[in-house]
J.: 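Dropping a structure here in structure tokens format, bear with me for questions.
FYI, the numbering just counts along the sequence from 1. Order of appearance sets the numbers: ligands from 1, and atoms from 1 within every ligand.
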Amino acid sequence: MDGYDTVAAVTDRTFRSLGVVGAGNMGSGIAQKIAAEGFDVVLVDLDDAKVARGVESIRRTLADGIARNILTKEAAAAILARIHATTRFEDLADVDLVVEAVFENLDVKKDVFAKLDRVCRADTILATNTSSFAVSDVAAGTQLPERVIGLHYFYHPAKNRLVEVVAAARSTPRSVADAWALQEALGKTPIRSKDSCGFIVNRFFSPWLNEAVRLLEDGVANIATIDAAAKWGFGIGMGPFELMNVTGIPIAAHTANTLGRAFGPLYALPDPLRQQFESGQPWSLEGDADVSRYDAVLDRLLAAVFYVAAALVDEGVGTIEDTDIGARVGLRWRRGPFEMMNQRGVREAAALASEFARRWNVRLPDTLLRQAASNVPFRLQLVTRTITDGIATLAINRPDVMNALNEDVMEQLGDLFFLSADDPAITGIVIAGTGKAFVAGADITFFITNIKSKTVDRIVGFTSAGQDLLLAIERCRKPVVARVHGLALGGGVELALACHYIVATPKASFGFPETGIGIYPGLGGTQRTPRRVGKGLAKWLVLTGQIIGAEEALAIGLVDLVVPYEQLDKAVRELVARGRPDDREPQSVPASHRALAEFFERIGAEGAGNDATLADPRVASAVRRMGSRAPIAARIASELIDRGTGLPIEDAVRLELERLEEIFSTADAYEGLSSLGTRRPVFKGA
Ligand SMILES: NC(=O)c1ccc[n+]([C@@H]2O[C@H](COP(=O)([O-])OP(=O)(O)OC[C@H]3O[C@@H](n4cnc5c(N)ncnc54)[C@H](O)[C@@H]3O)[C@@H](O)[C@H]2O)c1
């Protein structure tokens, strides 16, 4: 094992119904999210009025979703129907996990946990959403502290994906692993925090707010300037003062008080914040921003964050990567603290943080000192390795960009893959994504940047190295399994196809969007797809960009197995035990897809697209979809599929490299890539 490895318990627990205690701001949102993901949920509060208020707030959020066309009336009704709102704790008797979200008062929480002890099954996991108490303290009064953990959600918990998963002193690894898997199944982005006051995110967020207040106190700038500078520097929609007005000055004051008690004056409540809290008034945001003060403001805000982020890593509260993910996903900062330190240069970051440390008469954390001494950027581990029972799981850990592949990810994936392939103690390798997606393709910004700077050769280099890695995966003597939960698009499908087995959850989906953005799959998609599903269906997938669900992927042979989320680990272990499969023949086309396969088999050949199969509604819809694709990309992709037939895979994938310069130099590629996510591209066939 190397320094990046973690050990995790295997999880195969089935969660059927869940409970939430406290139907306030957090509890109602948590219950809504759970129900939206298809689980039954029991929501408990003290009296009927409070229960009704919680349900009403869920109803309002759902109505908003309907108004914004992101939810149908039927889906909203189904979500509400899965929520059983009640005042009876006894109704929690049969739930698998309970999240406590009652007032932030230790006695109230302990009392709730004592009740849960009495009413819940002995194997029910009990989680607290406390923001400021130690999970161990909340657990202290229970009969079975082993099953108590922390699940710290962020407002609004039905929308904000971040959750800090906290192991308390006595929590079993199994409880933590099961709860973690459940968060992923719920589409959340979990990060792991030690049971330490403020966990990861509030630990640096609160000092960031405090520093904003102190900038005001020290007369460095007015509120309008501080907010504007923070918005600009951190890439956020609201500055610290506006944010405090919206989320509540009492919460900000309470957090600072708690952290101050735990970690000393640097974290404590600044006087102006105390006064504002006592006045009961929001901050006045009036005034003009003074651009000339932005740098002075930013340097101090960054200094506070750099210092605290490094300190929490020193203390083992969280990793560098989880700290960054916490900032990006939980607070929606453009970059995490460590990415910002790298951007600034670690020496300069350390110099800024030293100023802050000097003001508070504290020592610079070792994490930052060491890095500054070496003067190389922090290495952000974008792929993690977990070894369980001799199986190495390599998980791409960029959940906020759906684990998109870039040069760093591919390099780290390669390093960990070869490390695992060469280690005699490892019997199988699993490739997975963190969070709600497997891999949603390659990093589009990398392509755009290189097209603009006329360095398409870097795209060719990236693709060629990627092909090498995928060939090595395919040739590996140990079984390699792709573990697909959520979206697998483009490069994600190609990565999965290089593995010996693909096991997916019902929430997985697969597709090749490339020809819709002016390019074609370059990591073996035009070659390995036909080897799995036959030429006709491969052309259908690549030339139409049709996204298919897990069951359809199973039916046509694109994946090997579909199992519920909680059985993924078990399925993976069984596949590893089976060993590497022999060379596979494409699966025969199921009746449901025969017309499609026949139609697309003939694409590129003479007389294609002019026959009886067009009467088939799926073929007709596929033809319509093809109409919106980039014509050059589609033509090359079709040719590549034809030319690769019968070639050894090593030669076949190289065909994809030959046309890359050409495709990335087209106007359509630039149009398709740069329009992604903003508008429908207009392709000119040039
Ligand atoms: N608000 C946030 O942004 C935020 C973020 C993360 C975590 N938290 C934490 O979540 C918890 C809840 O916060 P909130 O903002 O939702 O509070 P809230 O005041 O909106 O809701 C608390 C709810 O708990 C209910 N309650 C109180 N005692 C109860 C009991 N004994 N049995 C059943 N229900 C009871 C109350 O009636 C109320 O409806 C706190 O621990 C808080 O620190 C809050």
Side-chain angles (χ1 to χ4, degrees), residues 19-33 41-58 60-61 83-92 95 98-120 126-135 137-139 141 148-166 183 188 190-191 193 197-203 205-206 209 238 243-259 326 329-332:
V20 177
V21 183
N25 287 325
M26 294 302 290
S28 60
I30 296 168
Q32 177 192 328
K33 175 67 180 161
V41 54
V42 179
L43 176 61
V44 185
D45 208 306
L46 289 171
D47 57 44
D48 289 339
K50 295 194 172 75
V51 169
R53 197 187 51 196
V55 173
E56 189 43 42
S57 118
I58 297 175
R60 264 200 315 276
T61 321
I83 301 173
H84 169 61
T86 173
T87 57
R88 288 165 41 92
F89 268 77
E90 297 73 30
D91 292 356
L92 295 165
V95 300
V98 181
V99 181
E100 165 277 309
V102 303
F103 300 138
E104 190 70 355
N105 174 309
L106 193 56
D107 291 332
V108 176
K109 288 192 188 282
K110 280 186 163 165
D111 182 51
V112 166
F113 273 80
K115 275 193 191 148
L116 293 174
D117 246 357
R118 285 198 296 277
V119 301
C120 294
L126 306 183
T128 173
N129 185 41
T130 181
S131 297
S132 57
F133 301 120
V135 177
D137 290 342
V138 179
V148 181
I149 60 158
L151 286 176
H152 186 239
Y153 293 94
F154 289 76
Y155 190 78
H156 185 296
K159 297 176 187 162
N160 191 317
R161 289 192 193 287
L162 191 72
V163 55
E164 290 170 315
V165 179
V166 186
Q183 302 315 303
K188 287 280 176 187
I191 58 176
S193 171
C197 187
F199 307 124
I200 297 174
V201 173
N202 279 340
R203 176 73 182 268
F205 178 59
S206 174
L209 293 178
M238 274 186 246
L243 205 57
M244 282 188 266
N245 282 352
V246 171
T247 54
I249 292 173
I251 294 189
H254 178 77
T255 312
N257 268 329
T258 322
L259 285 168
V329 179
L331 305 176
R332 302 204 170 93

J.: Can you tell if the side chain of Leu43 reaches within under 4.5 Å of the side chain of His84, non-hydrogen atoms only?
T.: no
J.: Testing Lys188, Gln183, Glu164, Glu100 one by one against Leu151 for a side chain to side chain contact (heavy atoms under 4.5 Å, CB included), which residue passes?
T.: Gln183
J.: Identify which of Tyr155, Phe103, Phe154 has a heavy atom lying nearest to atom 19 (O) of ligand 1.
T.: Phe103
J.: Does Asp45 reach the main-chain N or O of Gly22 with its side chain, forming a donor-acceptor pair under 3.5 Å?
T.: no
J.: Would you mind listing which atoms of ligand 1 come within a distance below 4.0 Å of any non-hydrogen atom of Phe89?
T.: 32 (N)
J.: Does at least one non-hydrogen atom of Lys109 fall below 4.0 angstrom from an atom of ligand 1?
T.: yes
J.: Considering only heavy atoms, which of Glu104, His152, Glu100 lies nearest to atom 41 (O) of ligand 1?
T.: Glu104
J.: Is the closest N or O pair between Val108 and ligand 1 shorter than 3.5 Å?
T.: no
J.: Please work out, at 4.0 Å between heavy atoms, whether the side chain, the backbone, both, or neither of Phe133 comes within that distance of ligand 1.
T.: neither
J.: To the nearest 0.5 angstrom, please state how far the NE2 atom of His152 sits from the OG atom of Ser132.
T.: 8.5 Å
J.: Any nitrogen or oxygen of Asn129, main chain or side chain, under 3.5 Å from a nitrogen or oxygen of ligand 1?
T.: yes
J.: Judged on heavy-atom distance to atom 15 (O) of ligand 1, which of Val21, Asp111, Asn25 sits nearest?
T.: Asn25
J.: To the nearest 0.5 angstrom, please state how far the CZ atom of Phe154 sits from the OG atom of Ser131.
T.: 8.0 Å
J.: Would you say the side-chain atoms of Ser28 and Ser57 include a donor-acceptor pair closer than 3.5 Å?
T.: yes
J.: Where's the contact between Tyr153 and ligand 1, heavy-atom distance under 4.0 Å: side chain, backbone, both or neither?
T.: backbone
J.: Would you say Met26 and ligand 1 have an N/O pair spaced under 3.5 Å apart?
T.: yes
J.: Enter the distance from Asn25:CG to His156:NE2 here, rounded to the nearest 0.5 Å.
T.: 8.0 Å
J.: For atom 30 (C) of ligand 1, what is the nearest protein heavy atom, given as residue, atom name and distance?
T.: Leu46 CD2, 3.3 Å
J.: What protein heavy atom is closest to atom 7 (C) of ligand 1, reported as residue, atom name and distance in Å?
T.: Ser131 OG, 3.0 Å
J.: Backbone, side chain, both or neither: what part of Lys50 comes under 4.0 angstrom of ligand 1, heavy atoms only?
T.: side chain
J.: Can you report which non-hydrogen protein atom sits closest to atom 11 (C) of ligand 1, along with the distance?
T.: Val102 O, 3.2 Å
J.: Relative to the heavy atoms of Arg53, which atoms of ligand 1 are at a distance of less than 4.0 Å?
T.: 39 (O)
J.: Between Gly248, Gly24, Ala23, flag the one that comes closest to atom 21 (O) of ligand 1 by a heavy atom.
T.: Gly24
J.: A side-chain contact here means heavy atoms from C-beta on lying under 4.5 Å apart; do Leu46 and Thr87 qualify?
T.: no
J.: I'd like to know if Asp91 pairs up with Arg88 as an ion pair, taking the criterion as any Lys NZ or Arg NE/NH1/NH2 lying under 4.0 Å from an Asp or Glu carboxylate oxygen.
T.: yes
J.: Could you tell me whether atom 17 (O) of ligand 1 has a protein heavy atom closer than 4.0 Å?
T.: no
J.: Considering Asp45, Asp47, Thr247, Leu43, which one's heavy-atom position lies nearest to atom 37 (O) of ligand 1?
T.: Asp45
J.: Using side-chain heavy atoms (C-beta onward) and a distance below 4.5 Å, is Val21 in contact with Leu92?
T.: yes
J.: Indicate the atoms forming the closest heavy-atom contact of Val41 with Val20, along with that distance.
T.: CG2-CG2, 3.9 Å
